[in-house]
**Q** 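Have a look at this one.
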2 protein chains.
Amino acid sequence: MSLPDSPSPHTPDAADSPVSRREQIYLVAGRLFSERGYHATSMRDLAAELGIQGGSLYAHISGKEQLLIEIVNRAAAQFDAALFSLRDEALGPQDKLREAMTRHLTVIAENMDSATVFFHEWKHLSAEPLAAVIAWRDGIEAFYRELVREGVQEGVYRADLNVKMAANLVLSSVNWAYTWYRPGGPMSPQDVAVSFERMLLGGLERPEGEA
Amino acid sequence: MSLPDSPSPHTPDAADSPVSRREQIYLVAGRLFSERGYHATSMRDLAAELGIQGGSLYAHISGKEQLLIEIVNRAAAQFDAALFSLRDEALGPQDKLREAMTRHLTVIAENMDSATVFFHEWKHLSAEPLAAVIAWRDGIEAFYRELVREGVQEGVYRADLNVKMAANLVLSSVNWAYTWYRPGGPMSPQDVAVSFERMLLGGLERPEGEA
DNA sequence: CCTACCGATCGGTAGG
DNA sequence: CCTACCGATCGGTAGG
């Protein structure tokens, strides 16, 4: 047994690799940050949840803010991966919007913790990562405005639409989901997207001349 | 000059009554909590902003959580006052919905700080005030569902509407405003409400058979 | 409203 | 991964 002396004496089961331990820390941090908030979660809270001492965390991570940065950046990356690939797909404006909303909601639904941290705690980042998040947000808004503009130009949306406000409305509907959506409930993210999209595109009002 | 010895020697200008000082504390606390978050704002930060020492705050207020409770409760009371009076007004469903959205957005727009604290920091309340906020939220949701149900029953909204999801969509659009609305910008809360309400009721799609 | 102070807890480090 | 510790800061109080 000539293991290098890195894992040290007190390693518990020798089952967890350092990598997965690191991931485990991010996972639990995401949950705690989402439940209690970033500043109300102490490194000792986090360590206790993992069954280790506070100082031991620093063998795996460099500091508390690194946790927040990583969680926020990963969430942003997931939105990007889900949404931006849509740009080149050959879909009509409505299908594209519905698909964007479905993917947007799915990212939130499958990552409720990180999504909550993302929307709630990004303000606590320091200057550089903060600027990155703001740039990300601007990019997403531009993406949705583009989807709306396409629909207007192709004549399928009302010509007098305020593109910015329409994109705003769509974004409101999907972003706010992190406050109420519960995975495992009766509706899948797709169900929510279809429901929202029908109401947004067709309107709540009964069309003239229908029974 | 036989004033009671309460205001103490160091009173600065003798212009501020104890009441307005208290209000001033709530006002600044609202701003700081909204900018930095509840837990990232220290009582010393707050005191410094007011030009006094940390301990001096406790001559006016009982504790940090009282500040949060008060800010949150006042915000809830403003929403209640603005919205629930609408129940008895003789308006058609669409007018009622538009008016509700306008008032809802106006409360947010005129109290951006408290609204932000309200939506962002309520989770940090202790059990009793927390339960009150949750009850409040349920009441507001019920209110909007009622507005939607009225419209369906009177036949002005689509008969196949999912009432819960429709109310959800409306609430998303107005609540999310605290993240993007900027008072003093080009749009009044009323402008936003009218814009959102047109899109929500009439839909984004161009009606069949229109130019 | 201030000075001076309290115990508790914070993020993080040294050395093993 | 632990023990033991660091300086800093927290919310809050006593006494004036």
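Chain letters run A, B, ... following the sequence lines, proteins first, then strands; residues in each count from 1. Here the structure is a predicted model, which is why all the values come from computation and not from measurement.
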**Q** Over how many whole Å does the gap from L57(B) atom CG to dC10(D) atom C1' extend?
**A**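 Answer to the nearest Å: 14 Å.
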**Q** Are any of the side-chain nitrogens in E89(B) or R103(B) under 4.0 Å away from the carboxylate oxygens of its partner?
**A**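 Result for this pair is yes, salt bridge flagged.
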**Q** With a 4.0 Å limit, can you tell me whether S42(B) has a side-chain N or O closer than that to the phosphate oxygens OP1/OP2 of dT9(D)?
**A**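 No, no such contact exists.
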**Q** Would you please indicate if the ring centroids of Y38(B) and H39(A) are separated by under 6.0 Å?
**A**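 No, ring centres 6.0 Å or more apart.
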**Q** Please determine, for dC2(C), whether a Watson-Crick or G-U wobble partner exists with both distances under 3.5 Å, and give it or none.
**A**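 Per the H-bond distance test, dG15(D).
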**Q** To the nearest Å, give me how far apart NE2 (H124(B)) and P (dC10(D)) are.
**A**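 In whole Å, dC10(D) P lies 17 Å from H124(B) NE2.
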**Q** State which of dC5(D), dG11(D), dC1(C) makes the closest approach to the side chain of R44(A).
**A**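 Nearest to the side-chain atoms of R44(A), counting from C-beta on, is dC5(D).
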**Q** Quick one: label S62(A) by what it contacts on the DNA or RNA (base, sugar-phosphate, nothing), any heavy atom closer than 4.0 Å.
**A**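 If one applies the 4.0 Å heavy-atom cut-off, S62(A) turns out to touch nothing in the nucleic acid.
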**Q** Tell me: CZ of R21(B) to C1' of dC2(C), nearest whole Å?
**A**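 For the pair R21(B) CZ and dC2(C) C1', the rounded distance is 13 Å.
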**Q** Distance check needed: dG11(C) P versus L68(A) CG, whole Å only.
**A**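 My rounded result for the distance is 13 Å.
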**Q** Just to be sure I understand the rule, does G55(A) reach a base, reach only the sugar-phosphate, or reach nothing, if contact means heavy atoms closer than 4.0 Å?
**A**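 Answer is base: heavy atoms of G55(A) come under 4.0 Å of a base.
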**Q** Answer yes or no: does a side-chain N or O of Y58(A) lie under 4.0 Å from OP1 or OP2 of dG12(C)?
**A**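 The answer is yes; a side-chain N or O of Y58(A) sits under 4.0 Å from OP1 or OP2.
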**Q** What nucleotide among dG12(C), dC2(D), dC1(C) has an atom nearest to a side-chain atom of I52(A)?
**A**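 Out of dG12(C), dC2(D), dC1(C), the nucleotide with an atom closest to I52(A)'s side chain is dC2(D).
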**Q** Does dG7(C) have a Watson-Crick or wobble mate here (both distances under 3.5 Å), and if so which one?
**A**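 Base-paired to dC10(D).
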**Q** Could you state the CG-P distance from L46(A) to dG11(C), rounded to the nearest angstrom?
**A**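 After rounding, the reported distance stands at 10 Å.
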**Q** Could you state the atom-to-atom distance from CD1 of I61(A) to C1' of dG11(C) in whole Å?
**A**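 To the nearest whole Å, that distance equals 10 Å.
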**Q** Is the phosphate of dC1(C) approached by H60(B) (side-chain N or O, under 4.0 Å from OP1 or OP2)?
**A**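 True: H60(B) side-chain N/O within range (under 4.0 Å) of dC1(C) OP1/OP2.
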**Q** State whether E205(A) and R158(B) are salt-bridged, where the test is any N-O pair (Lys NZ or Arg NE/NH1/NH2 against Asp/Glu carboxylate O) under 4.0 Å.
**A**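 R158(B) and E205(A): not salt-bridged.
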**Q** State, without any angle test, whether H60(A) and Y26(A) hold a side-chain donor-acceptor pair at a distance under 3.5 Å.
**A**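 There is no such pair (donor and acceptor under 3.5 Å, judged by atom type) between the side chains of H60(A) and Y26(A).
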**Q** Rounding to a whole Å, what distance do you find between M43(B):CE and dC1(C):C1'?
**A**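 After rounding, the gap between these two atoms is 15 Å.
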**Q** So, for W176(A) and Y181(A), is the gap between ring centers shorter than 6.0 Å?
**A**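 For W176(A) and Y181(A), the ring centres are not under 6.0 Å apart.
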**Q** Using atom CG of D45(A) as one end and atom P of dC10(C) as the other, report the distance to the nearest whole Å.
**A**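 Taking CG of D45(A) and P of dC10(C), I get 6 Å after rounding.
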